[in-house]
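Here is the structure we will look at, set down as structure tokens.
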Amino acid sequence: MNSNLNSNNDIILKGLNDKQTEAVKIINGPLLIIAGAGSGKTKVLTHRIAYIIDNGTRPSNILALTFTNKAANELKERISNLVGESKAKYIWAGTFHSIFARILRIEAKSINYSSNFSIYDTDDSASVIRQIIKTLNLTEKSLNINAVRNKISSLKNKMISSMDYALKAETSEEKFVAEIYKKYEINLKNNNAMDFDDILLNFINMLRSDKNLLTKYQEQFKYILIDEYQDTNKAQYLAIKLLSKSHNNLCVVGDDAQSIYRWRGADISNILDFQEEFPYCRVVRLEQNYRSTKNILNAAHSVISNNQRQIPKKLWTENQVGDKIDIFQYADDREEATRVANLINDEIENGYNFKDIAILYRTNAQSLVLENSLRSKKIPYLIIGGTSFYKRKEIKDTLAYLTLLVNPSDNEAFRRVINEPPRGIGLTSLRNLELFAEYNNLNLIEACFEVDNIPEIKGKASKSAIEFASKVNEYSRQLINEQSYDVIFDYILGTDLISMFKEIGSSDALDRITNIEQFLLDIKNYFETNENPSLSDYLQQITLVSDIDDKDLTGNNVSLMTLHSAKGLEYPIVIITGVEKGLFPLERTRLDQEELEEERRLFYVGVTRAKSKLSLSYCMRRAKFGDVSVQGPSKFVSEIPVEYTNRAFSTGGSFVPQRQESYFKSKPQGINRDEYSQIMPDENYSQLPPIATNELKVGDWVKHSNFGRGKIIQKTGFGAQERVVVNFDGIGNKSLMLQFAKLTKM
DNA sequence: GACCTGCTGATTTTT
DNA sequence: TCAGCAGGTC
């Protein structure tokens, strides 16, 4: 190995700039890499890992933690390309949650769990909390379940236990939360389940309570690398600190300017204070940007400079000055969607591909109107993020059935499916079963077998309960003998979930069947392609994966996603929509300096995704909650100096703005009626030509997702108030709001 | 216990 | 707007 060490090192260092080389070569001791957007961060990480291996460390002694699965996969792939699959596969690379969960399964005994524990996502947690609130009989005020869940999660992220919190709680609401928190912890433990936060906390508890395990993993992970360090929370920081304590070979990479997860407990002071926390720390700054044009970088810098709390730095680039940034003012969100689609078609004519273009927005709700417009113009697109496949009800139900096979203690999974499809075990029977189970210290499956001892449950309910539990038991046993897809398939078929939807027969129900089939196909695929497949392994994989991660990004599609999802990606052309007052930054963040700064960082992330062209737009009105609210340019727009921009406005393309009362029904956000009439912005703007009215007209045949085919027989109103009456085949006349009825022209 | 209806509140972002 | 829930009815 030694003979070719230098030449290998040379290969690894080839093509890196001075700063990147420096970062790669410092492998011992704490290292903070401040990596600006587009500065080759992943390149440095992967080359650094290759360098560590090349200097004699075994791949299995390297731990590389990322924030998302997407980032982890990219990292693995690029390391593989660099050092070869045979070495790369031994590196511990993954998200905090997946790696820690993997270790926790191995060491489950040390924290009094069994290794088949379930992992609860946010919906599962909320459902447990709903259950607890019900049993507490909190009649005096209805607590918002999600608010409670967020509160508990944020307490956990800050490492505040239910006991600590109970001591601190003062108001009656805080006391309720403390009570729920305590029950929630007990509940999950009894279910042999952990939520996302528990994975981090239990990992820390494990390291703290067992010195041998601490030593074991400190020796296992001789080199630790953390990506997106600005997004770590207190628990993650502590876990890393514990793991690296014996050797301090800890390298963190991050950019404080791209910290956008404060709301989820990310603590930006982790990166800001890294140098104090880890003495003798070296710092390398990567400030050369290889991605964007000078105009884009300058604009990004101008905006982010308005933030107070940050590590001073300025990105520079050798790239061209490039096109100016286009800033458009549109009349409303429908015009925005139409114009965005037109813009895309123009760029296609200019020689770009659909896959070169991304449309970014602040909230998922904004995607709908954009989608409609893209569809009508036959522009292929792919939504990244949004509601996950695994969050669909039918998939969650199927998942719960499977979870019961692996973890029969999971009462939450039991509750979810015991009466889905209806088996005659309603809320009353369930409540009795739960009381009995609690009293006798059984899980609900076990309680089912004892149902004869519960006098309140008799007849059909009693019979069903035993049948249900027997079925779970039987298949669970079969699965222990033989981990095969066929067993799983039989079991799911036997639940009658699919037959239930078949009976319902609506298009929605048929969709659900398709989804379940697709899910089963995925399981089949897993069983066929893995060496040592097991259901528990499969379930573990998917609970920590959102389906963004395995979306095929290689097709020729325009990408649509939230600004958060866009982090880490880059596109030749980026279109950021809805850069509006009240929407971006979100209204509620306006008065909170820290939250406002986070919104600004989010904007910065969006802007720096663009390689050569960037376009921003805002609307004067936007449909919200089926109503229309008055918007206007975001303050971020005014933070970009005019010299980097082209600005254009429209007075309302397809229709003349109607100043109807209804436009002002919802709270005008910062613009009053008189201001609104002065739609003409300052002299930096030029007027956009009107867009062609290719809107639907009377006599057109249209298609609706629920009602099917129909013909427009009447059209009334303007703009957001536009309505059509459609005569649908076999259904008859329906009056629809044009902006909400997803009509497509046939 | 199942099913229907009408009301309410959500819309930030995700492991 | 629309999903999800509570409460009422059969």
Side-chain angles (χ1 to χ4, degrees), chain A residues 65-72 94-101 119-123 125-127 130 134 142 144-147 150 153 157 194-200 228 231-233 235-236 259-266 360-369 384-388 390-393 419-430 457 459-461 464 504 508 542-549 561-567 578 582-589 595 598-599 601-602 605-606 622-629 706 720 736-737 739-742:
Chain A
L65 296 177
T66 63
F67 195 63
T68 65
N69 292 294
K70 193 167 62 189
T95 63
F96 279 91
H97 291 87
S98 71
I99 296 280
F100 290 179
I119 296 173
Y120 285 180
D121 67 14
T122 28
D123 289 346
S125 303
S127 158
R130 180 175 300 119
K134 268 184 197 158
S142 66
N144 179 318
I145 287 157
N146 269 314
N150 283 336
S153 175
N157 286 159
M194 298 185 194
D195 63 18
F196 291 138
D197 306 316
D198 288 332
I199 294 175
L200 305 176
E228 306 280 13
D231 287 328
T232 51
N233 61 31
Q236 286 162 326
S259 164
I260 53 175
Y261 286 103
R262 197 179 85 100
W263 55 275
R264 231 178 73 184
L360 309 181
Y361 35 80
R362 180 64 183 84
T363 65
N364 276 314
Q366 288 166 254
S367 74
L368 195 68
V369 56
I384 298 174
T387 310
S388 159
Y390 298 110
K391 285 210 164 82
R392 291 162 201 260
K393 185 184 177 302
N419 212 26
E420 192 73 31
R423 291 189 177 80
I425 303 170
L427 281 177
T428 319
S429 301
L430 180 61
I457 306 177
K460 192 184 173 205
S464 294
I504 298 172
D508 176 70
I542 62 159
T543 38
L544 291 175
V545 166
S546 63
D547 49 356
I548 317 172
D549 309 315
M561 71 193 95
T562 63
L563 285 134
H564 282 87
S565 303
K567 195 169 69 154
L583 180 62
F584 191 20
L586 281 176
E587 176 62 17
R588 56 193 276 187
T589 65
E595 285 200 59
E598 174 139 315
E599 294 280 311
R601 292 192 293 269
L602 186 59
V605 166
R622 177 173 295 274
K624 262 186 185 172
F625 301 113
D627 205 345
V628 174
S629 72
N706 288 335
L736 305 163
M737 294 275 276
Q739 60 176 335
F740 299 119
K742 297 160 214 162

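We name chains A, B, ... by the order of the sequence lines, and we start the count at 1 in each one.
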So which one's nearest nucleotide on DNA chain B is more toward 5', A:Ser429 or A:Thr562? A:Ser429
Reading DNA chain B from 5' onward, which residue's closest nucleotide shows up sooner: A:Tyr261 or A:Asn146? A:Asn146
Might you work through the side chain to side chain contact (heavy atoms under 4.5 Å, CB included) test for A:Leu583 and A:Tyr361, ending with a clear yes or no? CA-CA 10 Å; A:Leu583 180 62; A:Tyr361 35 80; over 6 Å; no
In whole angstrom, what separates [X]'s [atom1] from [N]'s [atom2]?
| X | N | atom1 | atom2 | answer |
| --- | --- | --- | --- | --- |
| A:Asn150 | B:dA10 | CG | P | 12 Å |
| A:Asn364 | C:dA3 | CG | P | 15 Å |
| A:Trp263 | B:dT15 | CH2 | C1' | 9 Å |
| A:Glu228 | B:dT13 | CD | C1' | 14 Å |
| A:His564 | B:dT13 | NE2 | C1' | 4 Å |
| A:Ile145 | B:dG9 | CD1 | P | 12 Å |
| A:Gln236 | B:dT15 | CD | C1' | 8 Å |
| A:Lys393 | C:dC5 | NZ | C1' | 14 Å |

Using centres under 5.5 Å plus planes under 30 degrees as the test, is A:Phe96 stacked with B:dT15? no
Is [X] close enough to [N] that one of its side-chain N or O atoms is under 4.0 Å from OP1 or OP2 there?
| X | N | result |
| --- | --- | --- |
| A:Asn419 | B:dA2 | yes |
| A:Arg130 | C:dC5 | yes |
| A:Ser565 | B:dT14 | yes |
| A:Ser98 | B:dT15 | no |

Check every atom of B:dG1, B:dT15, B:dA2 against the side chain of A:Thr428 and return the nucleotide holding the closest atom. B:dG1
How far apart are the C-alpha atoms of A:Phe100 and A:Met194, what are their side-chain angles, what is the distance that settles it, and do they pass the side chain to side chain contact (heavy atoms under 4.5 Å, CB included) test? CA-CA 12 Å; A:Phe100 290 179; A:Met194 298 185 194; over 6 Å; no
Determine yes or no for a side-chain-to-main-chain donor-acceptor pair under 3.5 angstrom, with A:Gln236 supplying the side chain and A:Phe96 the backbone. no
Could you check A:Leu200 against A:Asn233 for side chain to side chain contact (heavy atoms under 4.5 Å, CB included), going step by step and ending with a plain yes or no? CA-CA 10 Å; A:Leu200 305 176; A:Asn233 61 31; 3.9 Å; yes
Side-chain donor or acceptor of A:Arg264 under 3.5 Å from a matching atom on the base of B:dT14? yes
Which of parallel (below 30°), tilted (30 to 60°) and perpendicular (above 60°) describes A:Phe196 and A:His97? perpendicular
Separation of the P atoms in B:dT13 and C:dG4, to the nearest angstrom: 15 Å
